[in-house]
There are 2 protein chains.
Amino acid sequence: MAVTIKDIAERVGVSVTTISRVLNNRGYLSDKLKKKVQGAMEELNYQPNELARSLSRKKSNVIGLIVPDISHPFFGQLTKHIEYYAYKHGYKLMLCNSLLNKKKEKEYIELLRASQVDGIIMGSHTMKVEDYMAIKLPLVTLDRRISDAIPYVSSDNYKGGALATKLLIRKRCRKIAYLSGSLQLNLLAKQRHDAFMEQVGRQSVDYVVRQTDLNGFKYKEYEALVRELFDEHPDIDGVFASSDLLALQVVRESRRRGKSIPGDLKVIGYDGIQNGGAEELTTIEQPIQEMGKLAVLRLLQQMAGEETPLETILPVRLLERGTT
Amino acid sequence: MAVTIKDIAERVGVSVTTISRVLNNRGYLSDKLKKKVQGAMEELNYQPNELARSLSRKKSNVIGLIVPDISHPFFGQLTKHIEYYAYKHGYKLMLCNSLLNKKKEKEYIELLRASQVDGIIMGSHTMKVEDYMAIKLPLVTLDRRISDAIPYVSSDNYKGGALATKLLIRKRCRKIAYLSGSLQLNLLAKQRHDAFMEQVGRQSVDYVVRQTDLNGFKYKEYEALVRELFDEHPDIDGVFASSDLLALQVVRESRRRGKSIPGDLKVIGYDGIQNGGAEELTTIEQPIQEMGKLAVLRLLQQMAGEETPLETILPVRLLERGTT
DNA sequence: TTGTAGGCGTTATCAT
DNA sequence: ATGATAACGCCTACAA
């Protein structure tokens, strides 16, 4: 059996209250006693039981994070930063991978609530709006506006879409494709598409739009999607892919067909992911670190009962590299 | 205040014991009562408090996972599968990102123990052997043998190293470089290097070895490393990189220098990461999914008090693709 | 089949 | 300054 404050108390010859006090640095304590207690703790190798503390305090210092797929570079990087800031503020992270599975996402939310997490960051959105509103826990949403009661953090999708499209047009593309993958079922990423439509409309450039369906993460399907696009529209000379992974697929397929990039075809991606072969892709970079930081911050604010802005939209940046 | 079993008990007019019983499906209960209790739970929207349960049962159903960097594709994918199997068996995941920071890793271990996790999967190894042996909690290590008391899961690094080197030699490379990055401070990945040395020695092929230092994750340093290699050894015609990320860097640098791959230079990576730009890389594929599955399995076995093999080594596979 | 009461390890409210 | 004691929400002998 592990050693508890009771053991320490007996050892030192005081009450558990006192031990608890030095543990939390609360109340008035003589330095002598403090030292003695700390000494005993070391000797007995005492470790506080966070479960008991959490139960008593009604605060677990745990944040739940729900993402669609932790192996997706965007979410991997986001998670890294979320963990960083959570840790910095004394919070642990419970990681939930929904795989865009509605049932699993719902189960996880109940699990998190049952586990008494202090708040949830949602990066996966497969449920109904009411379901989210029923969570009644400090909550921050990523890239999705659910209601005007749930704060969200996002980057400027409309701006990003406009920047990307404008670049392709400026580079004299005559027929541009907009490609979006299964991650894009959320509302806000749709603004990239809106911006695209507005730009091609305004400049009356020829265009095509292709979207994969939303069920799950079959990255393999990207391949078919891109192949199909090229088969049906061999005359495309510009592609705006709404994720870097998709853009990479476009680059690969072009290579296979002997199309040179950026000569015959210009490609721009989205996200600005690192560590994975997208380093030479022209892309719209999302400020992933800032997004993670602010997601945590907004959550902390809520947990502290402070006012939180509904909307936090961070700037994107065009990274012009080798594919345009 | 949230509703507790006590509320349910009062509502139904029975004791809390009974409620607890139906909650855990333990003991003898009349169906009538069961239904009534479940009804009341629904009505009051009762949710069990896992903290209280865990405290009482002395079992949290939480697994701690420590990785060096969740944004690294290898660990992202591994984590995805670990989460999958943990969830399947009723365990939640507490994610810890050590960033290969010794202090943070140690703090996290104490945090996990304080949080009463039922076991730990360690993918980060910066501490001393004694520190790990002192954990005294069900523990599984990834890619590292710490002592003969701590089970570990790995893939066949020696075989992988041999396969890779042999391939380059078979493809008639005359001067081969072995590159390894900061992730490789662990013992087992070193076997790739051992195998490399053995192979080049046996065939008396010319070779070079380059390793980055171990502090942290400066992926940017990969670039310098590779550039340096090429500057000093322009006559290299084969590279065995001990991670796909490194191999990608080699590919990029070669492109920059106008070296054609696989014509002038053959490159083979390691890991078999997906969802990025490594799809056309020749590589040694680690069975990431199986590794995740077995890590969880070995941990479950320990938690159940069963015998666990010290060593679990999974087979690797050569994926010959475009860069050799 | 159901209830009573003590315990899980800590914190918090009163006292003293 | 320090101590008793009742929570926190649930589980589990032991009784009945």
Side-chain angles (χ1 to χ4, degrees), chain A residues 1-38 40-41 44-62 90 92 110-118, chain B residues 1-38 40-41 44-62 90 110-118 137:
Chain A
M1 185 104 318
V3 14
T4 74
I5 48 171
K6 207 170 160 189
D7 300 315
I8 311 282
E10 283 172 9
R11 188 80 141 76
V12 181
V14 294
S15 80
V16 292
T17 311
T18 305
I19 308 300
S20 175
R21 281 208 181 92
V22 357
L23 211 54
N24 298 288
N25 226 338
R26 224 193 290 290
Y28 324 90
L29 300 164
S30 70
D31 270 12
K32 255 196 316 189
L33 226 177
K34 231 177 188 167
K35 291 260 192 290
K36 234 168 105 183
V37 169
Q38 281 162 346
M41 285 180 173
L44 301 186
N45 192 21
Y46 167 75
Q47 306 234 215
N49 182 326
E50 283 297 331
L51 287 186
R53 294 183 118 174
S54 300
L55 179 61
S56 182
R57 291 190 180 137
K58 295 180 157 304
K59 176 139 179 41
S60 64
N61 279 289
V62 175
K92 289 153 281 176
E110 292 187 357
L111 244 150
L112 289 178
R113 132 163 310 127
S115 301
Q116 313 297 116
V117 300
D118 295 330
Chain B
M1 184 105 318
V3 14
T4 74
I5 49 170
K6 205 171 161 189
D7 300 316
I8 310 282
E10 281 170 10
R11 187 78 141 79
V12 181
V14 294
S15 79
V16 291
T17 311
T18 305
I19 309 301
S20 173
R21 283 209 179 93
V22 358
L23 211 54
N24 299 288
N25 225 336
R26 224 194 290 291
Y28 323 90
L29 301 163
S30 72
D31 270 12
K32 256 195 316 190
L33 227 175
K34 231 175 187 168
K35 292 257 192 290
K36 236 167 107 183
V37 170
Q38 281 161 348
M41 286 180 173
L44 302 186
N45 192 21
Y46 167 76
Q47 305 232 217
N49 182 325
E50 284 297 330
L51 287 187
R53 293 183 120 178
S54 300
L55 179 61
S56 181
R57 290 191 184 136
K58 296 178 157 305
K59 175 139 178 47
S60 64
N61 279 287
V62 174
E110 289 186 359
L111 243 151
L112 289 178
R113 131 163 311 128
S115 300
Q116 313 297 118
V117 301
D118 296 330
L137 220 59

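Quick caveat, the model's predicted, so the values are computed rather than measured. Below, chain A is the first sequence line, B the second, and so on; all start at residue 1.
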Asks: Would you indicate whether B:Lys59, at its atom NZ, is surrounded by more than 12 heavy atoms from other residues, nucleotides or ligands within a distance under 6.0 Å?
Replies: yes
Asks: How long is the line joining CZ of B:Arg57 and P of C:dG6, in whole Å?
Replies: 23 Å
Asks: Given atom CD1 of B:Ile5 and atom P of C:dT2, what is their separation to the nearest angstrom?
Replies: 16 Å
Asks: Do A:Gln116 and A:Leu55 touch side chain to side chain, with heavy atoms closer than 4.5 Å?
Replies: no
Asks: Is B:Leu51 touching bases, backbone alone, or none of the nucleic acid, heavy atoms closer than 4.0 Å?
Replies: nothing
Asks: Rounded off to whole Å, could you give me the CG-to-C1' distance for the A:Leu55 and C:dA12 pair?
Replies: 13 Å
Asks: Apply side chain to side chain contact (heavy atoms under 4.5 Å, CB included) to the pair A:Leu33 and A:Val12, showing each step before the final yes or no.
Replies: CA-CA 9 Å; A:Leu33 226 177; A:Val12 181; 4.2 Å; yes
Asks: In whole angstrom, give the distance that lies between atom NZ of A:Lys6 and atom P of D:dA4.
Replies: 12 Å
Asks: On DNA chain C, compare the nucleotides closest to A:Pro48 and B:Val14; which residue's is nearer the 5' end?
Replies: B:Val14
Asks: Answer yes or no: is there a side-chain heavy-atom contact under 4.5 Å between B:Val37 and B:Arg21?
Replies: no
Asks: What's the CD-P distance between A:Gln116 and D:dC8, to the nearest Å?
Replies: 13 Å
Asks: Any side-chain N or O of B:Asn24 under 4.0 Å from OP1/OP2 of D:dC11?
Replies: yes
Asks: Can you tell me the distance, in whole Å, between the CG atom of B:Asp7 and the C1' atom of D:dC10?
Replies: 13 Å
Asks: B:Thr18 side chain: which of C:dT10, C:dT2, D:dC11 is closest?
Replies: C:dT2
Asks: Counting heavy atoms from C-beta on, name the nucleotide in D:dC11, D:dT2, C:dT4 closest to the side chain of B:Ser15.
Replies: C:dT4
Asks: Do any side-chain nitrogens or oxygens of B:Arg53 fall under 4.0 Å of OP1 or OP2 in D:dC11?
Replies: yes
Asks: Could you state the CG-P distance from B:Leu33 to C:dT1, rounded to the nearest angstrom?
Replies: 11 Å
Asks: When you measure from the side chain of A:Val16, which nucleotide among D:dT2, D:dT5, D:dG9 comes out closest?
Replies: D:dT5
Asks: I want to check one thing: is the phosphate of D:dG9, taken as OP1 and OP2, less than 4.0 Å away from some side-chain N or O of A:Lys58?
Replies: yes
Asks: Applying salt bridge (charged side-chain N to carboxylate O under 4.0 Å, His left out) to A:Glu110 and A:Arg113, what does each step give before you reach the verdict?
Replies: CA-CA 5 Å; A:Glu110 292 187 357; A:Arg113 132 163 310 127; over 6 Å; no
Asks: Would you say A:Asn24 and A:Arg57 are linked by a side-chain donor-acceptor pair, where the criterion is simply a distance under 3.5 Å?
Replies: yes
Asks: In degrees, rounded to 10°, what is the bend between the two ends of the helix from C:dT1-D:dA16 to C:dT16-D:dA1, using five pairs at each?
Replies: 40°
Asks: How many whole angstroms separate atom CD1 of A:Ile8 from atom P of C:dG9?
Replies: 13 Å
Asks: Any side-chain to backbone donor/acceptor pair from B:Ser54 onto B:Glu50? Under 3.5 Å, distance only.
Replies: yes
Asks: N/O contacts under 3.5 Å, protein versus nucleotides 13-16 of chain D?
Replies:
none

Asks: Once you apply a heavy-atom cut-off of 4.0 Å, does B:Ser30 come out as touching a base, just sugar-phosphate, or nothing?
Replies: sugar-phosphate
Asks: Taking only side-chain N and O atoms of A:Lys59, does any of them lie within less than 4.0 angstrom of OP1 or OP2 on C:dT11?
Replies: no
Asks: For B:Val3 versus B:Tyr46, what's the shortest heavy-atom pair and its separation?
Replies: O-CD1, 3.3 Å
Asks: May I ask you to check whether B:Ser115 and A:Lys92 show a side-chain donor-acceptor distance below 3.5 Å?
Replies: yes
Asks: Using a heavy-atom cut-off of 4.0 Å across all strands, would you classify A:Ile19 as base, sugar-phosphate, or nothing?
Replies: nothing
Asks: Do B:Asp7 side-chain atoms and B:Thr4 backbone N/O form a donor-acceptor pair below 3.5 Å?
Replies: yes
Asks: Of the listed nucleotides (C:dA12, D:dG9, C:dT10), which one gets closest to any side-chain atom of A:Arg26?
Replies: C:dA12
